[in-house]
Amino acid sequence: MSSEAPKITIDFLIGMLKQVIEENPSRDRGKALDASWGPETLLEDTGFNSYDFVEIIFKLEDHFGIEIDYNANNSINDVKTIGELCDEIAKLLAKKQVA
Amino acid sequence: MTRIVVSGLGIVSPIGCDTQSFWQALLAGHSNFGHASALPEKGVRVAEVDGEGFMEGLGLSPTACDRNALFAVAAARQALSAAGLGAGLPHPERVGVILGNSAGGQCSTDDQYSRLYTQNKRPHPMTVAKVMVSSSASWVSIATGATGPCFVTSSACASSSHAIGIAMQFLRAGLADIVIAGGTEAPLSAGTLLAWDAMRIMSRTACRPFAAGRDGLMLAEGAGVIVLETEAHARSRGLEPTIEAAGFGFSADAGDIVAPNVDGMTRAMALALADAGLDVGDLAYINAHGTGTRANDRAETQALNRLFGDRPVPPTSSIKGATGHALGAAGAFEAIATIMAIENGIAPPTANFDAPEPECDIDCVPNQARPMPIPAAMSNSFAFGGLNTALIFKTLK
């Protein structure tokens with residue numbers, strides 16, 4: 001495995017967010033996908049919930065071929081915006097590099 | 001309405017394979033968590049039933065029966081013995097078996113399909129009979145001779161609470177005189193454990209319901225069985241029953257497939273109270289679903305506060321800190337704990353409670369069992385998929 005921490009960009013994350021939300025359409029949030037999203041977009045306006053986060057972590061692990069130490073009961077559920085979510089994921093990825 | 005009474009209890013659990021051992025461990029706050037035998041290297045901690053002692057005298061073989069069916073038969077034999085029916089059933093066609101189970105023979109599925117996938121070997125001829133979700137009810141019927149209504153209810157973590165509640169309805173409707181009710185689960189196979197682990201809700205430390213910093217649930221296995229009987233039938237056999245199965249409420253959230261829902265929880269509890277003809281003020285103790293996940297314990301606290309309104313929520317403990325979460329058997333474990341709490345006048349504690357949590361502002365009977373009169377108590381089960389149940393037991397007057 002590379003010694004570099006995998007890098008994640010806002011655009012990459014937004015693409016993944018939209019994919020997770022599209023794959024779980026039962027939560028009545030399809031309309032939110034039409035909106036323009038950026039770092040300041042509130043997660044609650046995207047229809048994103050804590051369980052989507054579990055799926056994002058799962059996709060990141062598959063994408064980068066890594067394991068990420070994450071428990072859905074921890075404070076990451078408190079992030080409010082897409083930018084904050086991206087920062088949190090970057091921290092998890094960086095922690096992976098240190099480990 | 002026909003009154004339904006509790007005639008006998010039986011249990012196979014990680015903290016005891018008879019009701020007294022189970023109860024003493026609960027009161028002491030003992031747990032039995034360790035690394036999963038099926039995944040010793042992965043760091044997944046679970047609560048397993050110790051050894052094969054529970055198999056003694058069963059006369060059944062693991063070749064023919066999945067572990068969940070073995071647990072169920074062992075618990076059913078205990079419960080029938082306690083109900084004075086150990087020597088046989090007087091009218092077997094009037095005795096039903098209604099058990100909860102969430103996912104069938106998970107250990108057998110793993111064992112047999114891994115033969116196919118890794119060794120290109122055929123599954124054993126008994127595989128279908130072992131993995132079918134209804135096998136536990138069938139084996140209890142076969143082992144006890146009960147020939148009345150017999151089936152399994154499957155509603156994830158509410159499976160055995162549904163089974164007990166449906167058993168009450170069958171008895172009230174006159175479809176049986178006795179129902180062997182409860183639930184069983186043997187989910188600690190490698191595949192099932194990793195599927196749960198992928199949800200990121202399993203604690204790696206300890207299951208700490210209602211505590212600050214709680215970090216999830218721990219899976220467990222076992223079975224709990226309650227012999228339910230119409231009061232008239234129990235008295236006709238010379239019993240003097242002391243506990244009534246008084247109320248059952250259930251609801252569906254029609255919401256999220258995994259997230260809990262305060263409205264659905266509250267509605268199930270309110271319906272159970274109405275079914276029992278009780279008011280919230282009559283409940284002295286509540287045995288919570290209390291999984292130790294952030295989402296469940298917060299939502300359950302909100303639902304209790306909403307149900308009780310201006311009145312104080314009575315002492316409410318979760319035994320999952322001791323037992324772990326036995327999924328389709330959890331409701332049966334907890335109904336048995338609730339019944340024993342009423343019988344003994346002691347609220348079992350919430351084990352591993354190490355720090356108060358503002359968003360769980362209830363008296364969760366932290367760490368120390370509490371002697372108190374418990375004339376009536378409720379046991380909650382709230383399952384994935386938004387399936388909610390509440391059972392109410394009370395002293396028989």
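Chain A is the first sequence line, chain B the second, and so forth, proteins listed ahead of strands; every chain is numbered from 1. Any value given below was found using the heavy atoms of this structure, including those in side chains, with hydrogens, waters and symmetry copies removed.
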More than 12 heavy atoms of other residues, nucleotides or ligands under 6.0 Å from [atom1] of [X]: is that the case?
{"X": "Q368(B)", "atom1": "CD", "value": "no"}
{"X": "F12(A)", "atom1": "CZ", "value": "yes"}
{"X": "F308(B)", "atom1": "CZ", "value": "yes"}
{"X": "K42(B)", "atom1": "NZ", "value": "no"}
{"X": "F33(B)", "atom1": "CZ", "value": "yes"}

With rounding to the nearest 0.5 angstrom, report the [atom1] to [atom2] distance, [X] to [Y].
{"X": "R200(B)", "Y": "E55(A)", "atom1": "CZ", "atom2": "CD", "result": "11.5 Å"}
{"X": "R294(B)", "Y": "N71(A)", "atom1": "CZ", "atom2": "CG", "result": "10.5 Å"}
{"X": "N73(A)", "Y": "N296(B)", "atom1": "CG", "atom2": "CG", "result": "10.5 Å"}

Taking side chain as everything from C-beta outward and backbone as N, CA, C, O, which of these in M202(B) sits under 4.5 Å from a heavy atom of chain A? Side chain, backbone, both or neither.
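Contact with chain A involves the backbone of M202(B) alone.
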Given heavy-atom pairs under 4.5 angstrom as the criterion, report whether the side chain, backbone, both or neither of R204(B) touches chain A.
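Answer is neither: R204(B) stays 4.5 Å or more from chain A.
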I need the minimum non-hydrogen distance between I201(B) and A72(A), along with the two atoms involved.
CG2-CB, 4.0 Å
